[in-house]
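Everything on this sheet refers to the single structure shown next.
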Amino acid sequence: MTPDQKYAAAMVRLGYQLNEFKIGGNYTPLLRDGNHVYISGQIPRVGDTIVLPGKVGESLSLADAQIAAGVSALRCLGLLKQALGSLDQVKAILKINVYVRSADDFDQQSEVANGASDLLNEILGTAGSHTRTSVGVLQLPKGAAVEIDMIAVAQG
């Protein structure tokens with residue numbers, strides 16, 4: 001399967017179709033500088049709906065937060081696919097930052113981030129291997145549980 005086919009299969013598996021990428025402010029969701037592509041923070045938004053909102057470890061389970069991280073990563077990949085024409089054009093994912101809206105005693109931010117990391121590796125193979133930072137935060141836009149930003153490298 002190609003990365004584009006794996007992307008489509010991951011949307012089916014997670015149960016969310018991402019056909020449009022609305023932004024919520026005066027910024028660009030993606031900026032390309034040479035072969036480097038910077039993707040603004042993506043929350044698990046499908047259309048106008050934030051899926052799996054809440055505070056992880058309080059109103060949201062670890063498993064649901066991992067799905068939210070996967071949806072956020074799918075949004076990043078969808079923006080890359082839109083900009084590059086195909087995920088085959090992704091040479092590497094250099095770095096992701098994963099922000100997790102966490103309950104006071106929740107300390108499994110890295111496990112939440114695995115929901116995104118596993119999906120990137122599943123879809124892109126070795127090009128999906130990346131460095132990562134996962135951070136617990138008090139609040140995220142629109143009550144989202146997870147937000148992810150990304151730096152990728154496109155083919156020449």
Side-chain angles (χ1 to χ4, degrees), residues 3 6-8 10-33 36-84 87 90 92-124 127-154:
K6 290 177 184 178
Y7 173 78
M11 284 193 292
V12 170
R13 181 174 51 78
L14 290 177
Y16 298 103
Q17 290 299 310
L18 302 171
N19 300 318
E20 59 180 299
F21 302 96
K22 294 184 177 186
I23 60 169
N26 188 18
Y27 67 96
T28 183
L30 180 142
L31 184 65
R32 186 168 180 173
D33 181 23
H36 287 86
V37 184
Y38 300 86
I39 299 150
S40 296
Q42 298 297 307
I43 58 177
R45 179 190 313 229
V46 178
D48 291 325
T49 303
I50 308 304
V51 298
L52 300 166
K55 192 173 277 196
V56 185
E58 190 176 276
S59 62
L60 199 65
S61 70
L62 171 61
D64 284 341
Q66 289 171 326
I67 293 169
V71 173
S72 295
L74 280 175
R75 284 182 57 87
C76 291
L77 290 176
L79 288 165
L80 278 170
K81 185 175 184 293
Q82 193 174 58
L84 303 175
L87 292 175
V90 176
I93 303 296
L94 297 180
K95 181 165 180 55
I96 67 171
N97 294 306
V98 182
Y99 305 93
V100 181
R101 183 176 173 212
S102 303
D104 290 343
D105 61 346
F106 185 79
D107 63 359
Q108 294 180 289
Q109 290 80 15
S110 291
E111 287 83 350
V112 172
N114 285 340
S117 294
D118 292 347
L119 187 133
L120 292 171
N121 286 304
E122 170 191 332
I123 293 172
L124 298 174
S129 296
H130 54 273
T131 63
R132 177 179 90 186
T133 300
S134 52
V135 180
V137 298
L138 177 63
Q139 190 60 269
L140 288 170
K142 312 292 186 210
V146 177
E147 183 171 10
I148 296 176
D149 64 32
M150 181 181 290
I151 303 171
V153 178

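Small disclaimer: the values here were computed from a predicted structure and weren't measured.
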Measure the spacing between [atom1] of [X] and [atom2] of [Y] and express it to the nearest 0.5 Å.
X	Y	atom1	atom2	value
D118	I123	CG	CD1	11.0 Å
K55	L138	NZ	CG	5.5 Å
I151	C76	CD1	SG	11.0 Å
Q42	L30	CD	CG	9.0 Å
K81	L18	NZ	CG	11.5 Å
L74	L120	CG	CG	8.5 Å

Mind checking whether [X] and [Y] have side chains closer than 4.5 Å, heavy atoms only?
X	Y	value
I39	I148	no
T133	K95	yes
L80	Y7	no
L94	M150	no
S117	H130	yes
S102	Q108	no
D33	L31	no
L52	P44	no

Mind listing the closest non-hydrogen atom pair of [X] and [Y] along with its distance?
X	Y	answer
A152	I93	CB-CD1, 3.8 Å
N121	G128	OD1-C, 3.3 Å
V146	S72	O-OG, 3.9 Å
I43	R75	O-CD, 2.9 Å
V37	A154	CG2-CB, 4.3 Å
E111	Q66	O-NE2, 2.9 Å

field: Test log, rule side chain to side chain contact (heavy atoms under 4.5 Å, CB included), inputs R45 and V51
entry: CA-CA 6 Å; R45 179 190 313 229; V51 298; over 6 Å; no
### Task
Apply side chain to side chain contact (heavy atoms under 4.5 Å, CB included) to the pair V135 and N97, showing each step before the final yes or no.
CA-CA 8 Å; V135 180; N97 294 306; over 6 Å; no
Notebook entry, point to check: side chain to side chain contact (heavy atoms under 4.5 Å, CB included) between M11 and L77: does it pass, once the steps are laid out?
Noted result: CA-CA 11 Å; M11 284 193 292; L77 290 176; over 6 Å; no
- prompt: So F106 and L62, side chain to side chain contact (heavy atoms under 4.5 Å, CB included) or not? Walk me through it.
  reply: CA-CA 10 Å; F106 185 79; L62 171 61; 4.2 Å; yes
Practice task
Please check if the side chain of R132 supplies one atom and the backbone of S110 the other of a donor-acceptor pair under 3.5 Å.
Solution key: yes
